[in-house]
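All remarks here apply to the structure that follows.
Positions are given from 1 along the sequence. One-based numbering, in listed order, for ligands and for the atoms of each.
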Amino acid sequence: MPHNIAILGSTGSIGTQTLDVISRFPERFKATVLAAGSNVEQLIEQAIRFRPSLAIIADESKYERLREALSPLGIETAAGSAAMADAMERPDFDTVVTATVGYSGLLPTIRAIRAGKQIALANKETLVVAGELVTRLLAESPTRVIPVDSEHSAIYQCLVGEDNSTVSKLIITASGGPFRTFTREQIADVTPAQALHHPRWNMGAKITIDSATMLNKAFEIIEARWLFDITPDRIEAVVHPQSIVHSMVEFIDGAVKAQLGIPDMRLPIRYALGDATRLPSSERPLSLSDYAQLTFEKPDPEKFPCLTLAPYALNRGGNAACIINAANEVAVRAFLEEKISFPQIYTTITDALAAIPFVNTPTLDDYVATHRAAIAFSEEKTGCKMKLR
Ligand code: NDP
Ligand code: MG
């Protein structure tokens with residue numbers, strides 16, 4: 001029997017690579033639910049090829065087109081973000097790949113946890129926005145989370161067979177993004193086209209901009225704090241421009257374990273879909289002799305102030321990281337639409353942190369309200385309207 005899988009964000013970078021992995025192991029995996037944001041034509045093509053039981057489009061204005069194309073094939077259709085969350089309770093799949101962007105991952109992930117589904121977690125923003133709440137829900141549920149983010153997958157792999165109490169430090173590698181060698185003055189004037197040109201990874205636009213500001217690394221520190229239940233002072237980021245060492249774990253005896261590989265998200269996707277086991281790859285394996293050197297350097301928070309937001313958010317707790325995430329979602333869009341400059345991504349976030357009321361122990365409703373308030377505040381500040389909510 002194949003393992004039945006739901007993919008939230010099937011038309012994106014992680015979503016399409018997940019479908020690629022599924023297509024290579026047809027006796028092992030079946031895509032049972034496909035959900036996309038607004039790219040209805042691509043979703044239809046995917047549904048025709050993979051024949052899921054259900055296809056969902058978050059953008060309700062595209063529903064008629066989806067229904068008309070897929071109902072003759074006997075494929076159920078639905079629209080809206082509530083439908084995506086409701087689908088998490090279906091009995092016809094056991095694993096969900098959360099690969100939508102930003103806050104949109106939170107509510108479906110919570111529903112999936114409540115339904116006891118296994119989660120292949122790509123959407124790191126879920127743990128950024130509400131890490132404490134999600135971790136608490138996970139503790140009460142049979143759900144297992146296997147990270148897809150390459151750094152966290154690497155750490156997960158390094159921890160296999162180890163006693164977690166012997167971990168002294170997690171070392172998260174960062175490519176440094178396209179502006180690693182730029183001066184502060186040069187960074188001030190970069191264009192969206194420059195920021196969208198990531199040196200190592202081919203990813204969706206939002207995470208590519210997050211990599212350029214290095215907020216992505218701050219998010220990954222927050223993600224690691226919750227995934228591996230480790231205090232923030234024991235998580236370190238190190239810049240490794242070749243992106244071959246995907247992350248490391250240091251143990252109390254001084255040993256450091258690392259996971260290496262070519263930069264290809266299909267490895268962590270295969271590992272997560274395969275329940276943390278190893279499936280064969282048809283890609284060219286890593287050949288270390290192709291690399292004259294692997295280098296490591298300290299990240300520079302003076303040049304990339306978004307890095308300081310991880311210690312800030314983790315020390316402050318409450319809804320601080322939720323505010324950061326929401327303001328960043330708007331700021332990234334505003335930068336891409338050339339409404340604000342690259343450095344203003346950071347100041348949009350700090351302005352929101354100053355303006356939105358702090359909540360010390362947020363409930364789910366508090367997170368939802370905080371997200372909405374920070375989005376509205378940042379939209380007003382930048383003059384940029386978000387499309388899908
Ligand atoms: P993409 O932008 O490439 O894809 C996003 C997907 O989510 C698309 O299918 C999009 O649909 C859908 N989507 C967007 N907004 C919504 C919404 N509001 N409701 C429902 N669906 C929506 O992103 P990536 O694949 O790059 O990233 C996905 C997640 O994985 C992010 O959280 C990112 O941080 C994380 N991640 C990505 C990595 C990568 O290599 N790409 C690496 C590590 C983590 P449509 O296109 O149809 O509008
Ligand atoms: Mg990553």
One residue to check: [X]. Relative to ligand 1, which of side chain, backbone, both or neither has a non-hydrogen atom less than 4.0 Å away?
| X | result |
| --- | --- |
| Lys206 | neither |
| Met265 | side chain |
| Ser150 | neither |
| Thr100 | both |

Counting only heavy atoms, tell me which of Ala35, Ala205, Ser10, Ser38 gets closest to atom 48 (O) of ligand 1.
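Minimum heavy-atom distance to atom 48 (O) of ligand 1 goes to Ser38.
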By number and element, which atoms of ligand 1 are closer than 4.0 Å to a non-hydrogen atom of Met84?
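Under 4.0 Å from Met84, ligand 1 has these atoms: 20 (C).
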Exceeds 12 heavy-atom contacts within 6.0 angstrom, atom CZ of Arg114
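Open: at most 12 neighbouring heavy atoms sit under 6.0 Å from CZ of Arg114.
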Nearest 0.5 Å, please: how far is CZ in Phe179 from CD in Gln194?
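The CD atom of Gln194 sits 5.5 Å away from the CZ atom of Phe179.
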Asp149, N/O/S atom nearest the Mg ion (ligand 2)
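Among the N, O or S atoms of Asp149, the one closest to the Mg ion (ligand 2) is OD1.
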Atom of Glu220 closest to the Mg ion (ligand 2), considering N, O or S atoms:
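This residue's closest N, O or S atom turns out to be OE2.
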Carefully, step by step, assess Lys257 and Glu162 under the rule salt bridge (charged side-chain N to carboxylate O under 4.0 Å, His left out).
CA-CA 11 Å; Lys257 275 169 90 174; Glu162 301 289 351; 2.9 Å; yes
Below 4.0 Å from any atom of ligand 1, is there a heavy atom belonging to Ser81?
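Flag not set, Ser81 not near ligand 1.
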